[in-house]
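Lettering of chains follows the sequences in order, A, B, ..., and the numbering in each one begins at 1. Computed from a predicted structure; not experimentally measured.
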Protein chains: 2
Amino acid sequence: MDTHSKHLPAGERRAVTVEAVVELAGLQNPSEITTAAIAKHMNLTQGALFRHFSTKEAIWQAVMEWVAERLLARIDHSAHGIKSPLTAMEAIFMSHIEFVAEHPGVPRMMFGELQRSESTPAKRMVQTLIQRYGERLYRFIEKGKASGEMSPALDTEAAAMLFIGTIQGLVMQSLLVGDVERMRRDAPRVFAIYRRGIESAQ
Amino acid sequence: MDTHSKHLPAGERRAVTVEAVVELAGLQNPSEITTAAIAKHMNLTQGALFRHFSTKEAIWQAVMEWVAERLLARIDHSAHGIKSPLTAMEAIFMSHIEFVAEHPGVPRMMFGELQRSESTPAKRMVQTLIQRYGERLYRFIEKGKASGEMSPALDTEAAAMLFIGTIQGLVMQSLLVGDVERMRRDAPRVFAIYRRGIESAQ
DNA sequence: CAGAATATAGTAATTGATTACTATCTTATC
DNA sequence: GATAAGATAGTAATCAATTACTATATTCTG
């Protein structure tokens, strides 16, 4: 049972820290999240954080590792067993939106990291994540062209780029109106247009 | 000629400040731009900035006003005189990308402002800008549906959202690879897919 | 298996660096 | 020479990180 013990094993404490940051990023500007704010949000003193992470940057790295792992697992699982590449991409799209709706801080953190000019470990993790994401999309689109589901003249690279941009647009819209829930409603409407843009004429 | 005069009239100094911020935002994370960095970039002492702006927030507000004014003027001008709504939207798309390629700091600042939880004047300026942008797109899409150029079943709101998202995706890609020039090359490729998604079947 | 010894995880206070902003003195320009 | 604009040198607040010390587990030993 939950003993509410103040002392947690290092591994657990690190996990709790990552979750605290993900939560906070959904509530405020990620670049304004201080170590004091993280500690307060998990009922810990600020200094104690540095027993588990050598620097603040190390915290961000752990957070982005968490994101990369979860997001890729989620989209892989959503597409698993689906024959049609087009349907698989729709499943990936919806599960990605669902993930972001559950963790609204995630896209904020990712974009925030990409903004940085220096190449931090956290930024590199985001770059790797998006690269892997893009590779998966690339394969599905090529399969879709081969199967005739998608237009053979389709620009695969551009289609993968637009897929991610489509999600980015939904995220921006939700930031604009300050309503994460809208994303779930708007996702099918926007994907329908994207789908029309890549599928072969019937 | 450039007199390299240290003393500038207040109006000019404010304009130079705005330009310095826009430039800096293209080089580094906008949220990390300090008043000291702004001053240094325009060969001024940090304290002197506050002769022309009461607070740092006032600087950001002036910058976002500059952005809103220029961007809307640019897209309005690009679409002016074009009969076909679809062609007009393509012109808007390309001129927007051109604007962003000239000023890579602009989308970074806009997204950064939207991230903030508090409602600052600068954030409200961005919200107003995007709202006005969306209204223009909405009108073009409705006209396109009326003229038969675009699919009558098209979801206008979703199409406007995707238009902005498409640009957002290109921006993100350029952040990812750290190459603004790519945006100009990729823009037509991505817009072609978007166009296919909204135009009526031929 | 009791309890001393050690390792681990925490607190509270403090550090130097950096931040936006200000007060005062100086210089340039009309 | 009046005044607008800039330089210089401050301020208080905030930040990540470190310190000295304490509380709680875990391990070792007779």
- [ ] Output yes when a side-chain donor or acceptor of A/Arg196 lies under 3.5 Å from a complementary backbone atom of B/Glu199, and no otherwise.
- [x] yes

- [ ] To the nearest Å, give me how far apart CZ (B/Phe53) and P (C/dT22) are.
- [x] 15 Å

Task: Donor-acceptor contact present, side-chain A/Gln127 to main-chain B/Leu176, <3.5 Å - done: yes

Task: salt bridge (Lys or Arg N to Asp or Glu O under 4.0 Å) between B/Arg182 and B/Asp179, intermediate numbers included - done: CA-CA 6 Å; B/Arg182 258 193 71 145; B/Asp179 176 16; 5.4 Å; no

Open item on the list: Which residues pass the side-chain contact (heavy atoms from CB on, under 4.5 Å) test with B/Glu32, not counting sequence neighbours?
Closed with: A/Arg116, A/Glu118, B/Gln28, B/Asn29

Task: Any A/His52 side-chain nitrogen or oxygen under 4.0 Å from OP1 or OP2 of C/dG10 - done: yes

Task: Results of side-chain contact (heavy atoms from CB on, under 4.5 Å) for B/Phe50 - residues two or more places apart only - done: B/Thr35, B/Gln46

- [ ] Give the rounded distance in Å between these two atoms: CG of B/Leu49 and C1' of C/dT22.
- [x] 13 Å

Open item on the list: Please determine whether a side-chain nitrogen or oxygen atom of B/Arg13 lies at a distance below 4.0 Å from atom OP1 or OP2 of D/dG6.
Closed with: yes

- [ ] Check side-chain contact (heavy atoms from CB on, under 4.5 Å) between A/Glu102 and all other residues, then give those that pass, not counting sequence neighbours.
- [x] A/Arg74, A/Glu98, A/Arg184

Open item on the list: Test of understanding: with salt bridge (charged side-chain N to carboxylate O under 4.0 Å, His left out), list the residues that count as partners of A/Lys145, not counting sequence neighbours.
Closed with: A/Glu142

Task: Proximity to DNA chain D (any heavy atom under 4.0 Å), residues of residues 23-46 of chain B only - done: B/Leu44, B/Thr45

TODO: Please report, rounded to the nearest Å, how far the P atom of C/dA13 is from the CZ atom of A/Phe50.
DONE: 18 Å

TODO: Enumerate the residues from residues 56-65 of chain A whose closest heavy atom to DNA chain C is under 4.0 Å, giving them by residue number; use none for an empty result.
DONE: none

Task: Spacing between A/Leu8 atom CG and D/dT24 atom P, to the nearest angstrom - done: 14 Å

- [ ] Would you tell me if any nitrogen or oxygen in the side chain of B/Arg51 comes within less than 4.0 Å of OP1 or OP2 on C/dT22?
- [x] no

Open item on the list: Check the orientation of A/Tyr194 and A/Phe163. Use parallel for under 30°, tilted for 30 to 60°, and perpendicular for over 60°.
Closed with: perpendicular

